[in-house]
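Throughout, a chain's letter reflects where its sequence line sits, starting with A, and its residues are numbered from 1.
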Amino acid sequence: MKKAIKVSTPLNTKDIAGLRAGDRVVLSGIIYTARDMAHKRLVKAAGSGELPFDLRGQVIFYAGPAPAKPGSVTGSIGPTTSYRMDAYTPVLLRCGLKGMIGKGQRSEEVRESIRKHKAVYFAAIGGTAALIAGKVKKVEIVAYGDLHTEAVRKLEVKNLPLIVVNDIEGNDLYNEGVMKYRREKQ
Amino acid sequence: MISLSADKITKEVTKLCIGINCNIGSDVIRAIRKALKSETSPIGRDVLGQILKNDSIAARDNTAACQDTGIVIVFVRLGQDLRITGGSLSDAINEGVRQGYKKGYLRKSVVNDPLERTNTGDNTPAVIHTEIVSGKKLELTLMAKGAGSENMSAVRMLSPSDGENGVKKFIVDTVRNAGANPCPPIVVGVGIGGTAESASLIAKKALLRPLNTRNKNRRYAAMERELLKQINNLGIGPQGFGGRMTALAVHIETMSCHIASLPVAVNINCHAARHGSVILPLGRIK
């Protein structure tokens with residue numbers, strides 16, 4: 001298997017251009033968590049020009065962590081299923097969002113939007129939240145604290161293991177993977 | 001009449017909440033190790049290796065294996081000759097969930113109302129299914145169920161003429177449509193028969209069986225084997241990146257039904273299949 005590609009945030013089009021569906025990546029730098037309720041609010045804030053942080057070049061991690069034990073940076077943290085954010089994603093990509101981390105396939109509209117805005121969708125491995133927590137070096141709540149686990153958190157991560165799912169060429173690892181390993185009688 | 005204090009129930013529920021979320025069952029670990037040997041996809045093997053590493057970190061650090069520590073589902077088997085004192089059974093269970101999710105640093109993932117959606121802040125209320133049985137003991141089985149897999153579950157009221165092939169098709173289609181969403185490799189719980197709600201309930205109970213123990217009926221045992229093969233031919237693979245190991249097991253439970261009905265329910269569990277049981281009073285295991 002090919003070695004993992006090192007990527008750091010914020011992302012620019014040049015960083016993303018070389019990434020292809022199926023590439024393993026280790027990501028370092030600042031990323032932001034946001035899931036269902038935070039997305040609803042972010043899209044509303046984008047409409048009135050009052051986003052709580054500048055989305056340009058940023059990466060959003062669809063995640064709501066477990067509480068941190070005393071002395072730990074974070075509790076267990078891992079990706080939630082991405083399709084629930086599909087309705088909100090094109091607006092955020094228009095605001096300059098460059099990367100998303102989640103799990104599961106995106107809608108046709110989101111995939112097209114990723115291609116158009118030269119962004120990237122990564123998958124993290126669902127259910128490996130104890131492992132991922134070890135890659136998080138700093139956590140700070142930056143918006144919507146009233147949402148508890150769903151608040152927007154600014155994370156500093158080091159070598160977060162990811163896999164490229166949707167790239168700027170419109171490839172989709174989920175479709176390609178199934179085609180390659182399918183043995184169904186048609 | 002034998003009595004059991006509500007406090008004792010709360011204490012055991014607290015312990016179980018923490019225990020099941022931090023320690024993935026040995027049957028699941030064995031099944032994932034076996035899947036790692038059979039998987040042909042390099043990314044798939046990498047994923048399975050990371051899952052095993054994660055599960056051992058979680059057990060070592062007594063920390064949640066998955067951030068989605070779920071909604072708690074409790075299956076109660078209450079002996080009719082046992083009396084619970086010092087509070088109600090459901091209050092005792094919910095208090096145990098409240099304490100377990102606080103002390104265990106587990107995520108609170110329950111909202112008060114499906115449309116209002118304010119977090120209750122303590123992961124209560126639990127979903128409680130109670131069965132009154134003979135005897136003088138209380139058996140509690142707790143399941144921590146994440147939404148990623150629960151959301152991919154389905155129930156369909158088939159026609160008796162659809163028969164075994166119709167049932168199999170619905171199950172395989174449900175898993176195919178779920179794709180990467182429920183965090184494969186998954187466990188597939190199937191309920192056939194009963195009514196719309198009882199088929200769903202036995203599908204969920206099917207997830208509680210130790211992995212790859214077969215249905216006692218030969219016909220359904222053969223269906224379980226056949227379905228596992230068909231599902232692993234879908235090509236979804238670990239985390240949906242493509243591969244052979246889409247499901248670790250298929251468990252079927254059945255019940256009698258109306259002459260006009262053939263209900264089928266599919267309840268999917270992610271690879272972090274978390275459940276555990278206790279029988280009270282302790283030391284009175286049947």
Segment of B:Arg60 engaging chain A (4.5 angstrom heavy-atom cut-off): neither

Close side-chain approach of A:Thr149 and B:Lys108, heavy atoms under 4.5 Å: no

Rounded distance [0.5 Å steps], CG in A:Asp36 versus CZ in B:Arg117: 7.5 Å

Quiz: residues 233-243 of chain B side-chain donor-acceptor pairs under 3.5 angstrom, not counting sequence neighbours:
from	atom 1	to	atom 2	distance (Å)
B:Asn233	OD1	B:Arg244	NH1	3.4
B:Asn233	OD1	B:Arg244	NH2	2.9
B:Gln239	OE1	A:Gly126	N	3.0
B:Gln239	NE2	A:Gly126	O	3.3

Enclosure of A:Lys138 NZ (heavy-atom neighbours >12, cutoff 6.0 Å): no

Partner residues of B:Ala147 under the side-chain contact (heavy atoms from CB on, under 4.5 Å) criterion, sequence neighbours left out: B:Asp68, B:Asn151

Chain B contact via A:Ile163 - side chain, backbone, both or neither, heavy atoms under 4.5 Å: side chain

Most chain B-contacting option - heavy-atom pairs closer than 4.5 Å, from A:Gly104, A:Ala130, A:Gly134: A:Ala130

Heavy atoms from other residues, nucleotides or ligands near CD of B:Glu164 exceed 12 (cutoff 6.0 Å): yes

Side chain, backbone, both or neither of B:Asp61 within contact of chain A (heavy atoms, under 4.5 Å): backbone

Distance (rounded to the nearest 0.5 Å) between A:Ile125 CD1 and B:Asn54 CG: 9.5 Å

Distance in Å, B:Tyr105 OH paired with A:Ser76 OG, rounded so as to fall on 0.5 Å steps: 13.0 Å

Pick from A:Tyr181, A:Tyr174, A:Tyr83 with the largest number of heavy-atom pairs that fall under 4.5 Å of chain B: A:Tyr181

Pairwise distance OG(B:Ser109) to CD(A:Glu150) - rounded to 0.5 angstrom: 9.0 Å

Which residues share a side-chain contact (heavy atoms from CB on, under 4.5 Å) with B:Arg156, sequence neighbours left out: B:Leu158, B:Phe170

NZ/B:Lys168: more than 12 non-hydrogen atoms of other groups inside 6.0 Å: yes

B:Ala180 backbone acceptor or donor facing A:Lys103 side chain under 3.5 Å: no

CZ (A:Arg20) with more than 12 external heavy atoms under 6.0 Å: yes

B:Ile51 portion near chain A, given a 4.5 angstrom heavy-atom threshold: both

Pick from B:Arg45, B:Lys53, B:His271 with the largest number of heavy-atom pairs that fall under 4.5 Å of chain A: B:His271

Structural part of A:Thr81 lying under 4.5 Å from a heavy atom of chain B: side chain

Contacting region of A:Lys180 [heavy-atom separation from chain B under 4.5 Å]: neither

Stepwise side chain to side chain contact (heavy atoms under 4.5 Å, CB included) check, B:Asn62 with A:Lys69: CA-CA 11 Å; B:Asn62 205 31; A:Lys69 287 183 184 176; 4.2 Å; yes

Chain B interface, residue from A:Ala123, A:Ala66, A:Pro67 that has the most non-hydrogen pairs under 4.5 Å: A:Pro67

Region of A:Ala21 that comes under 4.5 Å of a non-hydrogen atom in chain B: neither

Interatomic spacing from CG in A:Leu173 to CD1 in B:Ile43 - rounded to 0.5 Å: 5.0 Å

Inter-chain contacts: residues 23-34 of chain B against chain A, heavy atoms under 4.5 Å: none

Side-chain heavy atoms of A:Pro65 within contact of B:Arg107, under 4.5 Å: no

Contact leader toward chain A among B:Thr69, B:Asn119, B:Thr246, B:Leu106, where contacts are heavy-atom pairs under 4.5 Å: B:Leu106

Atom pair OG/CG of B:Ser56 and A:Leu131 - distance to nearest 0.5 Å: 9.0 Å

Most contacts with chain A, counted as non-hydrogen pairs under 4.5 angstrom, among B:Ala178, B:Gly148, B:Ala65, B:Pro184: B:Ala65

Region of A:Ile77 in contact with chain B, defined by heavy-atom distances below 4.5 Å: backbone

